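The structure appears right after this line, and notes come after that.
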Amino acid sequence: QVQLVESGGGLVQAGGSLRLSCAASGLTFNTYNMGWFRQAPGKEREFVAAIRWSNIGTACADSAKGRFTIARDNAKNTVSLQLNSLKPEDTAVYYCAARYKSSWGADSSGYNYWGQGTQVTVSS
């Protein structure tokens, strides 16, 4: 059974940092591209960042460029998202997702597996 489990969310003040982690099991991790999405109350889920299966090549949403960094450790079957210079508008549930390596993009419909999410709250 495929499982993606996010952790590391919490409450921080504006300008602070958090490091989110996603632990994957039940799939051959190094054959999947990995992504992070987020969803705020009343809003649709939006793309944040993605990293290719081989750890060569990344993508990042315009709202996150210069502040967020995605990385993966294929030996540990984990993918992380470093959140720096956080703003109140970053408040959302952050989701980890997996997409087979032959498929690459920012569309949520293209991802095969999803975690349950971890809450990030940024106060002003």
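Side chains are part of it too, since the values below use all heavy atoms of this structure and drop only hydrogens, waters and symmetry mates. What you are looking at is a predicted structure, and each value in this text was computed from that prediction instead of being measured.
- Inspection of the S80 and R72 side chains reveals no N or O donor paired with an N or O acceptor under 3.5 Å.
- At a threshold of 4.5 Å between non-hydrogen side-chain atoms, the residues L81 and T69 do not count as touching.
- For Q116, the CD atom is loosely surrounded, since the number of other residues' heavy atoms within 6.0 Å does not exceed 12.
- Side-chain N or O atoms of R19 include none that pairs as donor or acceptor with a backbone N or O of G8 at under 3.5 Å.
- In terms of heavy atoms, V93 sits closest to Q119 at CG2-NE2, 3.3 Å.
- One hydrophobic cluster holds both F68 and V122 under the rule that ILVMFWY side chains link at heavy-atom gaps under 4.5 Å.
- Note that CZ of R38 and NZ of K43 are 7.0 Å apart. Values are rounded to the nearest 0.5 Å.
- To the nearest 0.5 angstrom, K87 atom NZ is 14.0 Å from S124 atom OG.
- Residues L11 and L83 do not share a hydrophobic cluster, defined by chaining ILVMFWY side chains whose heavy atoms lie under 4.5 Å apart.
- Connection of V120 to W114 is not established within any shared hydrophobic cluster, with ILVMFWY side chains joined at heavy-atom distances below 4.5 Å, either directly or through further cluster members.
- No side-chain heavy atom of S7 sits under 4.5 Å from any side-chain heavy atom of T118.
- What you find for A98 and L27 is that their closest heavy atoms are CB-CD1, 4.2 Å.
- Side-chain contact check for N84 versus L86: every heavy-atom pair is 4.5 Å or farther apart.
- Atom CD of Q39 and atom OH of Y95 lie 5.5 Å apart (nearest 0.5 Å).
- In terms of heavy atoms, E6 sits closest to G115 at OE2-CA, 3.2 Å.
- L4 approaches C22 most closely through the heavy-atom pair CB-SG, 4.0 Å.
- Partner of Y32 under the ring pair (Phe, Tyr, Trp, His ring centres under 6.0 Å) criterion, out of Y100, W53, W104: Y100 alone.
- A distance of 8.5 Å separates CD of Q82 from CG of L18, quoted to the nearest 0.5 Å.
- In plain terms, the two heavy atoms of P88 and A14 that are nearest each other are CD-CB, 4.2 Å.
- With rounding to the nearest 0.5 Å, the separation of OG1 in T28 from CG in N77 is 9.0 Å.
- Looking only at side-chain heavy atoms (C-beta outward), K76 and F29 stay at 4.5 Å or farther from each other.
- Under the 3.5 Å distance criterion, the side-chain polar atoms of N55 are left unmatched by any main-chain donor or acceptor of N74.
- To the nearest 0.5 Å, the span separating CG on D73 from OG1 on T78 amounts to 4.5 Å.
- Between D90 and Y94, the shortest heavy-atom contact is O-OH, 2.7 Å.
- Y111 and W36 are not part of a single hydrophobic cluster, where members link through side-chain heavy atoms under 4.5 Å apart.
- Between F37 and F47, the distance from one ring center to the other falls under 6.0 angstrom.
- Looking at K65 and D62, a side-chain N of the basic residue comes within less than 4.0 Å of a carboxylate O on the acidic one, giving a salt bridge.
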